[in-house]
Amino acid sequence: MKTDLAGRIRNTHLPYSKGLLPVLEAVVNSIHAIEEKGKITDDDYIDITVRRLETLPFTDGRKGRPILGDICDIVIQDSGIGFNAENFSAFQTLDTNHKEHLGGRGIGRLMWLKVFDNARITSYYQNGATKACRKFTFQLPDGVAEGDGDSYEASPDAKIGTTVELTNFHTKYRNASHKQLESIAKDILEHCMWYFIRPDGAPRITLKEELQEKDSDRICLQDFYEQLNTEQPVLQTFKIKDFTFDVELLRLRGSFAGESKIAYCANKRVVKEIPMLPVLGNIGGNLKDGNGPFVCHCYVSSRYLDEHVQGDRLAFDFEDDAGTIFEDPELNFRIIENKVKVNIEEYLSEELAFIRSEGRRRAQDFVDNKAPRYKRLLNSLPSDYTFPPNASEKDIEAELHKEQYKREATVLAEGERLLSPPDTMDANEYYEKVSEFLKELDDAKASDLAAYVHKRHMVLKLLESYLNRNSDGKYEKEKVIHQLIFPMQQTSDAIELMDSNLWVIDERLAFHNYLASDRPISTMPITSSISRLEPDLCVLQVPNSDNAPALDMSENPMIVSESALSTNNVALTIIEFKKPMRNDASDSKNPLEQTYDYFRKIADNKVTTAQGRPIELPNGIRKYAYIICDLTPSMRRAFENYNCTPTQDNAGYYTYNTQLNVQVEIISFNKLVQAAKERNRAFFDRLGLPCF
């Protein structure tokens, strides 16, 4: 079967961005040639010389250095074994298996002619007791012309080794490739990193410009490697089916280190590189340990990868362009990547734990103080979900919004029929229907302001309807109103802002560190009390930012002035609901005394944050209470017996308990609804919603 070399080169795929790959492969060939001669010594070398077209006479104004001319030729010279008869014969054979044990596929020299016009080779080698020389040109259409490359005897002083001149860099590849020596040196080091980190090391590799006169202008790759401040690589392994995979992990430091990455290798050469940090989750771009910032490089190798690398060594044959299609469902790239991720997670466990905790803390602070609507979403995210520790509030908002968008359903515009229930519907059935409706509202799209305002409108209409007699002439129980304001038996860790209607009482209640609804005091993490008393709502506000609003009842007609309040903004609030039109208050059933008792039980044990940290303030924690009820005659007597002061509109009372340091406001249901309407009237008018 005849071979058409030109056709073979034409059918050899190589992206323009990979124009330096033939040079990198030539360097690997030189390493193999040196190893074939024997153990690597200090005298062994690989010198790479870059020839350019004329360098322009002016400088780059931003960096103050000459504008480099385009690369035209690259010369690779080594101290390897040379082109003896066996190696020359293999060179002339396409797809030779001569260096199969070293990972050679006989494809590298084809890349030379894909990117350059030709390759001129001069090689000295040991031929028995004498030294010999072989010179030839590798070019299209015939490769090596007949008779070219014949051996002749060389001078006894000749140095064993080979020089490969790759000439006339093709324009499209040249324009897409690096020009600066440092960038080329980085490409070579990354491609040959395995040879540097292995115990035997790599021969001395230097890179220079052809017209450089001083040795100090050369770049030594060993120096670059040492500048990375590398530590001893860590080797881990895992098995999939009958194949063992080696994972070598090392830490690199310095500006030359680049980014953290995972490199999948075949035959000791990098084939596929992917950024590491996206695989680990959204952890930002910085890894740090006790020695400072670093990047992590992970090199994955296996006999399986060796056997499935494509001929051009640019990809593996068990994946398509998307990287997810495989013949073997038990061994595919996704499975391999997941195993590699486990090894990386173990290697970087301390650093990743710190990054994730910092990112989560920033997100928690943002949600607590700026965006409580995301509270339930944040607590429902998996433990390994990460926010970059250096992410801005805008970035955190965008990330949370993206996650919430995935979970939200289309807003359902229903509920009007609940405002006029049929006479045949009993209270329990009506309560169930309302609960279903509220769940639908809670699933509403949080970012849709119109839907949210519409929800507020519906909530106030529902609340107002709850205050009226139902079809059997009775009033709703307090749990119906409680459930509308905040779900019972829940805490703020499980409930998102959109699932509650605390705004009906006070908008600022949304900014809290912890909230418990109808839960025993003994179950609250903010206190060590063993009391089984169950406040309707218990709210702890511990702002972590000066910008976070704090509950300040001094804006209401309270007897304590603004200047008398602590500036620490830490507040503990108890909210107590009473059944509409309840009229059985007495000395033994006084809601004010009941509220004071809650504070006594909590105050007996120091209050902490929801995370268990003690709160120590010079003036103590500010304590507030809301009692929401109808001001029936017995209720009024109960409050007046405690010397509560009526508000100017006679729709409520206020008082201050000096012993407990508690400010109390009693609000009638009528006043609660009316005040909420007034606060939201502008929004309702904007959407054309009547204010009842």
> Does a side chain donor of either Asp44 or Thr41 reach within less than 3.5 Å of an acceptor in the other side chain?
Replying inline: yes
> Do you know which of Arg356, Lys288, Arg251 makes salt bridge (charged side-chain N to carboxylate O under 4.0 Å, His left out) with Glu351?
Replying inline: Arg251
> Among Asn29, Ile34, Thr206, which one satisfies side-chain contact (heavy atoms from CB on, under 4.5 Å) with Ile46?
Replying inline: Ile34
>> Just so I know, are the side chains of Ile335 and Lys241 near enough to count as touching, which here means a heavy-atom distance under 4.5 Å?
In response: no
>> Could you check whether Thr167 and Asp73, counting side-chain N and O atoms only, form a donor-acceptor pair closer than 3.5 Å?
In response: no
> Taking the six-membered ring of Phe83, is NZ or CZ of Arg134 closer than 6.0 Å to its centre and within 45° of its axis?
Replying inline: no
> Quick one: are the ring centres of Phe333 and Phe316 less than 6.0 Å apart?
Replying inline: no
> Less than 6.0 Å separating the ring centroids of Phe387 and Phe366?
Replying inline: no
> When you look at NZ of Lys114, are more than 12 heavy atoms from neighbouring residues, nucleotides or ligands closer to it than 6.0 Å?
Replying inline: yes
>> Among Phe136, Tyr125, Phe138, exactly one meets ring pair (Phe, Tyr, Trp, His ring centres under 6.0 Å) together with Phe88. Which residue is that?
In response: Phe136
> Is Asp47 close to Lys208 at the side-chain level, that is, under 4.5 Å between some pair of heavy atoms?
Replying inline: no
>> If you define the side chain from C-beta out and look only at heavy atoms, does anything of Lys159 sit under 4.5 Å from Tyr124?
In response: no
>> With a sphere of 6.0 Å drawn around CZ of Phe354, does it hold more than 12 non-hydrogen atoms of other residues, nucleotides or ligands?
In response: no
> Hey, are Lys394 and Glu397 close enough for a salt bridge, meaning a charged N less than 4.0 Å from a carboxylate O?
Replying inline: no
> Are side-chain heavy atoms of Leu166 and Met111 found at a separation under 4.5 Å?
Replying inline: no
> Quick one: which of Val164, Leu20, Ile184 gives a side-chain contact (heavy atoms from CB on, under 4.5 Å) with Ile74?
Replying inline: Leu20
>> Can a side-chain donor-acceptor contact be found between His170 and Tyr16 if the only test is distance below 3.5 angstrom?
In response: no
